[in-house]
Amino acid sequence: MMKGLKKWRLFSLLAVMMVFLSGCGEDYLSTLKPSGEVGKQQLNLLLLTTVIMTLVVVVVSVIYLLAFVKYRRSRVGENVIPKQVEGSHTLEVIWTVIPIILLLIIAVPVVTTTYKFADVAAMDEVDEEGNKTALTINVTAKLYWWEFEYPNQGIVTAQELVVPTGEKVYFNLKAADVKHSFWIPAVGGKMDTNVENLNKFYLVFDKESKDLKDGVFYGKCAELCGPSHALMDFKVKTLSPDAFDAWVDAMKATEGQTADKASTDLGEATFANSCLGCHAISGSGAGGTPGPNLTTFGDRNRVAGFLEHNEESLKAWIKNPEEFKPGNLMMNAEGTAPIYGNLSDEEIEALATYIMGLSVEK
Ligand code: CUA
């Protein structure tokens, strides 16, 4: 009976571990399946340190168990007093030198790689015409969303980062309110976004994201920042260099795009009245709007960063954003209603259709 119970316990433990670990092998999310130079080298460091640490644990455990078994009383006899020693130069040298060697084996590659990843000198390089040559993206983390500004292209987007494959993409990272942390697990990172200083690093994206499960890599906020920290996701679309250039041109072409309060389209008129104050729908220009830029909303993968991308989710979100992302800034100060008031079902319906139609890819 007891034996059966023990087996069952072990089985449930393994089953729970399976559930936890099943997320580890996904190529859109997993640090263990990196899709870029930075992620690959970070994984190598992880493996190196894990191997060395495992080796230490195994060797120490074996010596411990050997002493345990070999010198137990029933084996050496009741009245044996072992040889009394005080200090051993040989042993002390051995157990000082071995850890020093192991630490050096870990420290040398870790420190050199860390400095290499922090090398952002190329951000300032310019061509003959004085244009910056490296692709730089200004990331601003806000409660609870992400803004991505491309200063050299003069465009801005939010929630879904679009990057080309095969080149170093440089990031200026900052936060607008509290500390967050920018992390694309399958590509590299993470790095804090702070309010008081700019952090810089680069990532390389090897693989086009269109073949992944959802067509995007997953990005995360990795610093506890408030009640909706766990929902502060973003997505990363990686395109071939040509497709990326086409996307940039399409974004630039939205210059001046806006919504008209007098429009006969109820969705557009509602947007102009209730949303345009915080959300821009032109991807041309700089960031800094109170809410996420919505120019590419129809091209995105999620509503609010994590809800299914369809009109049903969008309508539910507009109706009561607090229910889905507690602490988001779409609610009034009392938290009783959205700052745009309670819209009618008809208005919400039209608004959802209008916002879903915002696209530069279709
Ligand atoms: Cu932002 Cu956690």
Side-chain angles (χ1 to χ4, degrees), residues 20 23-24 26 28-31 34 38-39 42 117 136-150 156-163 169-203 205 214 216-237 278-280 286-294 296-297 300-309 313-314 317-318 320-333 335 338-339:
F20 276 116
C24 291
E26 307 292 357
Y28 57 88
L29 179 64
S30 180
T31 303
V38 175
Q42 286 179 333
F117 289 159
T136 298
I137 299 173
N138 297 339
V139 176
T140 310
K142 310 188 190 193
L143 293 165
Y144 298 94
W145 60 279
W146 299 85
E147 183 174 83
F148 306 112
E149 190 187 58
Y150 302 64
V156 59
T157 187
Q159 296 295 68
E160 198 162 294
L161 175 66
V162 180
V163 288
V169 180
Y170 291 84
F171 294 92
N172 283 317
L173 304 167
K174 68 172 197 290
D177 30 48
V178 299
K179 254 184 223 297
H180 306 267
S181 183
F182 178 77
W183 192 25
I184 308 169
V187 180
K190 55 200 182 270
M191 191 170 271
D192 275 8
T193 64
N194 298 332
V195 180
E196 65 276 11
N197 73 303
L198 208 58
N199 279 339
K200 299 174 183 189
F201 78 152
Y202 70 86
L203 292 172
F205 301 81
D214 294 322
V216 286
F217 287 102
Y218 282 32
K220 298 270 165 194
C221 174
E223 179 75 48
L224 185 60
C225 53
S228 289
H229 153 71
L231 307 174
M232 194 172 156
D233 289 1
F234 61 98
K235 301 289 177 282
V236 186
K237 197 178 272 177
C278 295
H279 299 276
T289 44
N293 187 301
L294 298 179
T296 64
F297 194 91
R300 290 181 196 162
N301 197 269
R302 290 287 192 281
V303 170
F306 72 102
L307 296 168
E308 286 219 17
H309 199 257
S313 314
L314 182 55
W317 165 258
I318 296 169
N320 187 5
E322 180 70 11
E323 185 188 334
F324 299 96
K325 231 177 188 176
N328 81 80
L329 301 179
M330 282 173 79
M331 300 303 282
N332 62 17
I339 45 178

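In each ligand, atom 1 is the first atom listed, and ligand 1 is the first ligand listed. None of these values were measured; they are calculated from a predicted model.
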J.: Checking the side chain of H180 only, and the main-chain atoms of E223 only, is there a donor and an acceptor separated by less than 3.5 Å?
T.: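 Here the side-chain-to-backbone pair does not exist.
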J.: When you measure from atom 1 (Cu) of ligand 1 to the N, O or S atoms of M232, does any of those distances fall below 2.8 Å?
T.: yes
J.: Looking at H180, pick out the N, O or S atom nearest to atom 1 (Cu) of ligand 1 and give its name.
T.: ND1
J.: Among T140, V139, D192, whose side-chain contact (heavy atoms from CB on, under 4.5 Å) with K174 holds?
T.: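 Checked T140, V139, D192 against K174; only one passes side-chain contact (heavy atoms from CB on, under 4.5 Å): T140.
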J.: Roughly, to 10 degrees, what angle do C221 atom SG and C225 atom SG form around atom 2 (Cu) of ligand 1?
T.: 120°
J.: Please give the atom name: the N, O or S atom of E223 nearest to atom 2 (Cu) of ligand 1.
T.: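 Closest to atom 2 (Cu) of ligand 1 among those atoms: O.
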J.: Atom CD of residue position E196 - does it have more than 12 heavy atoms of other residues, nucleotides or ligands inside 6.0 Å?
T.: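 Enclosed.
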J.: Only N/O/S atoms count here: what is the atom of H229 closest to atom 2 (Cu) of ligand 1 called?
T.: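 Considering only N, O and S atoms, H229 comes nearest to atom 2 (Cu) of ligand 1 through ND1.
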J.: Show the nearest heavy-atom pair for residues T289 and K142, with the distance to one decimal.
T.: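 Result for this residue pair: O-NZ, 3.4 Å.
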J.: When you measure from the centre of the six-membered ring of Y218, is the NZ or CZ of K235 closer than 6.0 Å and no more than 45° off the axis?
T.: yes
